[in-house]
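Have a look at the structure below, then the notes.
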There are 2 protein chains.
Amino acid sequence: MLLLRRVFFLLSSPSPRAPLAEPLLLRRPPKTLAPTARQLVAMAAPAPSAGGAGTMSRDAFRAAVTNTLERRLFFVPSFKIYGGVAGLYDYGPPGCAVKANVLAFWRQHFVLEEGMLEVDCPCVTPEVVLKASGHVDKFTDLMVKDEKTGNCYRADHLLKDFCKDKLEKDHTLSQKMLEEYNRVLAILDDLSAEQLGAKIKEYGIVAPDTKNPLSDPYPFNLMFQTSIGPSGLSPGYMRPETAQGIFVNFKDLYYYNGNKLPFAAAQIGQAFRNEISPRQGLLRVREFTLAEIEHFVDPEDKSHPKFGDVSDLEFLMFPREDQMAGRSATRLKLRNAVSEGTVNNETLGYFIGRVYLFLTQLGIDKDRLRFRQHLPNEMAHYAADCWDAEIECSYGWIECVGIADRSAFDLRAHSDKSGEKLEAHEKFSEPREVEKLVITPSKKELGLAFKGNQKMVLESLEAMTETEALDMKAVLESKGEVEFKVCTLGKDVTIKKNMVSINIEKKKEHQRKFTPSVIEPSFGIGRIIYCLFEHCFYQRPGKTEDEQLNIFRFPPLVAPIKCTVFPLVKLEKFEVVAKKISKALTAAGISHIIDMTGNTIGKRYARTDEIGVPLAITVDNTTSVTVRDRDSKDQIRVEVDEVASVVKEVTDGQSTWADIMWRYPAHTTSAADEEEAEP
Amino acid sequence: MLLLRRVFFLLSSPSPRAPLAEPLLLRRPPKTLAPTARQLVAMAAPAPSAGGAGTMSRDAFRAAVTNTLERRLFFVPSFKIYGGVAGLYDYGPPGCAVKANVLAFWRQHFVLEEGMLEVDCPCVTPEVVLKASGHVDKFTDLMVKDEKTGNCYRADHLLKDFCKDKLEKDHTLSQKMLEEYNRVLAILDDLSAEQLGAKIKEYGIVAPDTKNPLSDPYPFNLMFQTSIGPSGLSPGYMRPETAQGIFVNFKDLYYYNGNKLPFAAAQIGQAFRNEISPRQGLLRVREFTLAEIEHFVDPEDKSHPKFGDVSDLEFLMFPREDQMAGRSATRLKLRNAVSEGTVNNETLGYFIGRVYLFLTQLGIDKDRLRFRQHLPNEMAHYAADCWDAEIECSYGWIECVGIADRSAFDLRAHSDKSGEKLEAHEKFSEPREVEKLVITPSKKELGLAFKGNQKMVLESLEAMTETEALDMKAVLESKGEVEFKVCTLGKDVTIKKNMVSINIEKKKEHQRKFTPSVIEPSFGIGRIIYCLFEHCFYQRPGKTEDEQLNIFRFPPLVAPIKCTVFPLVKLEKFEVVAKKISKALTAAGISHIIDMTGNTIGKRYARTDEIGVPLAITVDNTTSVTVRDRDSKDQIRVEVDEVASVVKEVTDGQSTWADIMWRYPAHTTSAADEEEAEP
C-alpha cells in the first residue's frame, strides 16, 4: 500500500512541487480517515485479470514477461558488461521501436491535434531555476547510513520492510503490536526525519546487509548535481522534470501565441532522479523519458471548447470520497464527473478524457486503468485538483500519468525569483468601471504619534485586507479610534481618524492582468511502456503439452515491427518474391523484416509472435502468398502485388483483421504451420 | 583556419577517441606540410553563394538569419529570464518541429531503410565505461585562469586571438614576426601545455577582461561530472557521445542479429560537453543531440552489397592529397574515389554517399557541402580512414557529420577493460588447414644457461613475431647459435639450437574469431539544423524599397508547418470553410495553422514565409480557394474538397509545385496579395 504512495512520487514529485514536509502537516486534514482509506485502496486492488496472467501468480507472470523482454532485447540493464548500474536500463531494438511509436503517437494525439507549442530545452539546468521551483530545498528522500560501511538506505523502506515482515511472519504478535505496525505503515509517508529515526531506534532496526547500527535519517537530494563551466562556481543539476523549461519560457510562448490564452506548451525529454535504492525494474529508474504538457488558462474561465468531444466517455474513476469511504473505483461518465464537481473543471476533465483515449489506443486494458483523485493530504496547498492515471500491473496500481491543476504556483515562483513578470492580460472590449479600495495613511499624523515606529505602522495599514480595512473604516467612523495590531511591532497601537483615510473609489480599467493557472498532464513514458508490455503479454500452448509460447498482442500502432516476410522454403524463386514484397513494404513505409533462415515456419512464427509482430507473410507461391494474423492465427491468401497495401490498411488502422478476412479466401492451416518454441 | 580544426573536435573528439596529445606527436608525419595545407584550406573557403547571402557580408547575413530565428522562436538562449547560460539553447515551437522532422527523416533514411538496430541508452554513465573509452583521461582542453579573479579561458583561444589581432591590426610587424604569428596559428592545435604556456609568457598575453596575469595552461576535462547513487563513491559523467552505449551492447546486438556480420546499430540522443567558453551560437554548445551509427564489419571484407545504389553520385570531395597540395575540393564520382583507393573501402564509401543524400534531401545546398578527408595528423593511429561532411555557413566550413573507419579500437578497449570478449566468429563451411608458427622454448636448457634470467629470456622468445622467429630458425639451423636481444634484460644473450624449437605446423580450423571493425557515421544534429537554417534563408524586397522580407525555403520534408489557412476577410462563411479544410488537413496528417487574425493577407503571407511554410491556402470563396507557393509566389485555384489532397501530394513529396501548377487554373495576384513586413 505504501508503494502506492511512493509510486506517484515520481511524477508528481511532492517534495518540491507539492511539499509534504513538516510545515504543511499542520494545514492538513486530520489523518484518521485518509490512511485507512489508502489501506483499503491497496487491499481492493484486484489481481491481474485473466487475459494477462490467467491463473499464474503475479510473481510468475512478471518473471515470464521480464524474461521474454530481456531475452528479446526489449530492454537490458545498462552497462551490463561492467556489472550494470542500478536504475539504468537500455532499450534494445524492439523496445526502442515501441518507444519511438509511443512518442510519435503522443506527438500526434496531443501536440498536433491540439495545436500545442512544443519546446526542447536542455537537461543541464542552473541552480537558480531549481531553487525557484523548490527542488533544491525540498526534492529529497530521507536516508540512513550504515555507520560502519557507509551503505545507504531509504529510511522509510527499512521501516516499511520491518513492519511488513513482522505482520507477515510473526504470528505471536499481540493485538496491540499488530495495530501499531499497521498504523505505522499507514502514516509512514507523513513521518518527519525525527519521527522516522525514533521508530527505527524503538524497533531496533539495523542495516539489512551487515546488522550494523544506522545513522539518524537525514534528507538526501534526489537531483544529480554537476557544475556548469570550468570555474566550479556555477552549480547545476540534471533536470528532475521537463516542466521548468516550459515555465521559464512562458513569456515568449505567450507572445508566440499572439498574447492569447488558453494555450498549451509541451515537451518530451529525459529527466533524472538519483534514487537512493532503485527497486521495481523499469518502474523506478534514475533516468527516464517524460512527456509533459503545461496548459495555461485564465483562472476565471477553465471551460474547454472541445470538452464535448470526450464528455460521453465512461471509465473507472476513483474520487477522493470513495477512497476515504473504503469503496472501490467505479465507472463514471466524464460529463457527470465534471458537472457534479467531482472533477474540478472542464479543462482538467478534457485532459482526463484525452489521456484515457491515448492510453487505451496504445493497448492499455481499460479495465486495468483508473483515474484516482489525490487525497487532500497528497495535494500541494496551491493545487486545485489532481488525478492520476493509474495502471494495474504485477506491481499493483502504478501512477503513469499525473494530471494536476497547479493554479498559478509555478509561474509565480519564477516571477518572484527572476523579477520577470510572467502574467497574461485580457483587454476589455470597453473599459470597465471597478471599485477599488484605497488606503491612504497620513505620514504626518503617524509620524507625530509613533515617531520611530511610523514606518512599521504605515506598512501594516497598507497591508490590510479589504475586510480588515472596511471594518476599521466603520469603527473609525463610529468611535473615532481603533486598536490595531502591528505584527512587526508585536503590539497593538491606537489609530485615530485623522491618521488614515479609507475609501472605495470607482476607476475605469481597460484591461486585467493576472497570472495564468496551469493544468499539467505529465506522462512517465517508461512506466506506460512497461505496463503496456504486461497488458499485451500472454501465453498459449505450443506443440507439446509443456511448451508455452509467448505473445505480445501489441496493436499495430505500437508494434515494433509491423510485418515479417518468410519464404516457406529456401528456394530462389521464393526469395525473389520475398524481396519484391519487402521493397513494396519499404515504399509504403511499413517497418518489416525478412527471415530467410532455414527454420521451420512454426519456429519463425513463434519468434515473430514473441516480439509482437501483428502480421506475417509466408511466401509459398510466386503469385499469391499467405498472410497470418498473430492473435487469431487465421490465414488468408492475397496476391503478391496486393499484399503491401493490405498490410498497410491493417497496420495504419484503416481496417481491422476482421474486415480483411471477409475479402480474401482463407488459407487452411497445415500441421507444419503450428508454432514451435525455440529449442 | 584554426577554427576548422577545433570544429571537427566536437564530433570526432580527438582527445580520447583519436588522441592527439603528446605521446602521439612522435608517431605523426613531419608537420611542415600539414599546417600549410590547412591554412590554404581555410583561405580557399568561398563566401556564401549568392542564393543565401547575396551581396551581404557574412556578419550581416548571419545577423539577419539569427535575428529571424530568435524572433520567431526557432531557438532562444535557455533560462533567459535568469540571464541565460552560455552554450545552452532551447528550441521553440518551429525549431522543435524542424528538429523532429530531421530526426524522423534520419530514422527513415538510415534505421528503417538499412534495417539498423536502434538502441536507447542513458546519458548518465559510470566512470569505468568512459575510462575504457579514454574520455576520463584524455577528453580535455587546455585552460588558463586569471590569477586574481579565477576566470577561465581556453589557452589556445587566447593565443589564437592574440596572433590574429597582431596580423590584422599591427601594420608595423616585421617580416620575421609576421611569419612567426602565422606559424603559431598553423601549429596551434598541436602545441603541448608547456609549449602553449611558453608562448603565452613570451608574448605577454594577459586575461582579456582584467589584464591580470594568467596561470600556466592545464588540462580541463570537458565532461560534466556527477555522482551516481547516494554514497558519493560512484563517480559518473553525462555521456560526451552516444557511441559507447552501442559498444558495450555489442555482444547482445550481435546475438540479436543472429550472430552475423555486418550489421549496424544506431542511437539518437543527448550528449554533453562542458565547454570552457562556448562560442559560435548553435555550433558549439554544452548539450546537443547526436545521431550515431556503428556499422560492424569483418575487417577482411569491407565490401557493401548496396554500394551500387550510390556509386554514380558525384559531389565535392576533398582528399588529403589535395588539401596538402593546396588545391581546392573537386567533384569526384564516388565509384572512382573508392576504386582508386581515395576512400579506403566500399562500406565507408557507401555511407559517404548515403550521408550526401540525407543532407541534400534535407535542403543543404550541394555546392556548399563537401567531404573532407582527415589529414594524417588529425586521425587516430588506429583509424583506417576518416571523412567529414563539412557544410559551409557564415562561420566557415563546419564539420557536421564525421564518417570514420575506426577499425577494432573501441570494441578492444571495452573488451580489455571489462574482461568480456567482444568478438565475432565466422564458421567455415568446411574446416580449413592453416599453418601456424609454434615456438617451444626448452625450459630446462634455458634454466641451465640463464638461471635467474630464464623467465625473461623465455618470454622474449615467445613474444617474437613470425619474421623474427623464422629468421632465428634459419640462423640456428645454419650456425647453431644466435645473438638475441632481451629487452627486459637490456642486453643480448646467446641462444643455442637446443634451447628453442621453432616450427611451422599445420592445423585444421573450423572457425575464425576476430574483433569486428566499426565504421561510424556520427551526426551533429544541431549543427546540421543551423546550417540548414542558413542555406534556406533568403530575403526579398517588400512593398516599399527599404523593406526586406525574410523567407526560409525549407523543403516540405523539414518545414515546421506544411500549410497555413487564411480566411481572406473576417466572414463567418469563410471561417466555416477554413475549419472544414483544417479538419481535412488534420485527417491527412498535415501540420498546419489557421490564421483568423484580421491582418491583411500580405502581412499574413509574410509571417508564414518567415517560418518557412511551403503552402498557404486563402479562403476567398466558399467553393474554391487559392493555394500559394512560398518561393515562386504563384497561386492556383483548387476546389475546397480537393485542397487537402493537393497539399498532401506536394508536402509528401509525390509531386512538386511545378507538377501541380499544370493541373489547376492560375490565380491572378492582386496588389492586396503582396507581402508586407510587420509594422
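Naming: A, B, ... by sequence-line order, numbering from 1 per chain.
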Mind checking the CG-SG spacing from Leu88(B) to Cys121(A)? Nearest 0.5 Å is all I need. 10.5 Å
Under the criterion side-chain contact (heavy atoms from CB on, under 4.5 Å), which of Ile276(A), Asp141(A), Leu222(A), Asn151(A) is the partner of Pro230(B)? Ile276(A)
Can you sort out the partners of Tyr256(B) under side-chain hydrogen bond (donor to acceptor under 3.5 Å, both in side chains), two or more places apart, ordered by chain and number? none
Is Val129(B) in contact with chain A via its backbone, its side chain, both, or neither, using a 4.5 Å heavy-atom distance? both
Beyond-backbone contact of Arg286(A) with Val124(B), side-chain heavy atoms, under 4.5 angstrom: no
Counting only heavy atoms from other residues, nucleotides and ligands, does the tally under 6.0 Å from OH of Tyr218(A) exceed 12? yes
Distance (rounded to the nearest 0.5 Å) between Leu112(A) CG and Leu585(B) CG: 12.0 Å
Any donor-acceptor N/O pair, Glu118(B) side chain to Ala97(A) backbone, under 3.5 Å: no
Okay, side chain of Thr226(A), backbone of Gln225(B): is any donor-acceptor separation there less than 3.5 Å? yes
With a 4.5 angstrom heavy-atom cut-off, could you sort out which part of Ser234(B) is near chain A: side chain, backbone, both or neither? neither
State whether the number of non-hydrogen atoms from other residues, nucleotides or ligands found under 6.0 Å of Lys306(B) atom NZ is greater than 12. yes
Find the distance between CD1 (Ile246(A)) and CG (Asp90(B)) and round it off to the nearest 0.5 Å. 10.0 Å
Can you tell me which portion of Pro278(B) sits under 4.5 Å from chain A's heavy atoms? Options are side chain, backbone, both or neither. neither
Pick one of side chain, backbone, both or neither for Tyr89(A), based on which atoms fall under 4.5 Å of a heavy atom in chain B. backbone
Expected contact set for residues 586-596 of chain A against chain B at heavy-atom separation under 4.5 Å reads Thr586(A), Ser591(A)
CZ on Phe220(A) to OG on Ser231(B), rounded to 0.5 Å: 8.5 Å
Would a distance-only check, ignoring hydrogens and angles, find a side-chain to backbone donor-acceptor pair under 3.5 Å from Asp120(A) to Tyr91(B)? no
When Asn249(B), Val248(B), Ile268(B) are compared by non-hydrogen pairs under 4.5 Å with chain A, the top option: Val248(B)
Closest-packed option against chain A by number of heavy-atom pairs under 4.5 Å, given Thr289(B), Leu233(B), Thr125(B): Thr125(B)
Counting heavy-atom pairs under 4.5 Å with chain B, which one of Ser78(A), Pro126(A), Gly419(A) comes out on top? Pro126(A)
Top of Leu422(B), Val111(B), Asp252(B), Leu253(B) for chain A proximity - count of heavy-atom pairs under 4.5 angstrom: Asp252(B)
Highest number of heavy-atom pairs under 4.5 Å with chain A: which of His414(B), Lys80(B), Lys99(B)? His414(B)
Rounded to the nearest 0.5 angstrom, the CG-CG distance for Leu117(A) and Leu73(B) is 8.5 Å
Any donor-acceptor pair under 3.5 Å from Ser418(A) side chain to Tyr82(B) backbone: no
Do you know which of Pro94(B), Ala266(B), Gly95(B) has the most heavy-atom pairs under 4.5 Å to chain A? Pro94(B)
Heavy-atom proximity to chain B below 4.5 Å, by part of Met238(A): side chain
May I ask you to decide if Gly229(A)'s main-chain N or O and Glu275(B)'s side chain share a donor-acceptor pair within less than 3.5 Å? no
Separation between CG of Asn274(A) and OG of Ser227(B), rounded to the nearest 0.5 Å: 7.0 Å
Counting N and O atoms only, with roles assigned by atom type, does the side chain of Gln270(B) sit under 3.5 Å from a partner on the main chain of Cys123(A), one being a donor and the other an acceptor? no
With Ile81(A), which of Lys417(B), Lys251(B), Glu420(B) fulfils side-chain contact (heavy atoms from CB on, under 4.5 Å)? Glu420(B)
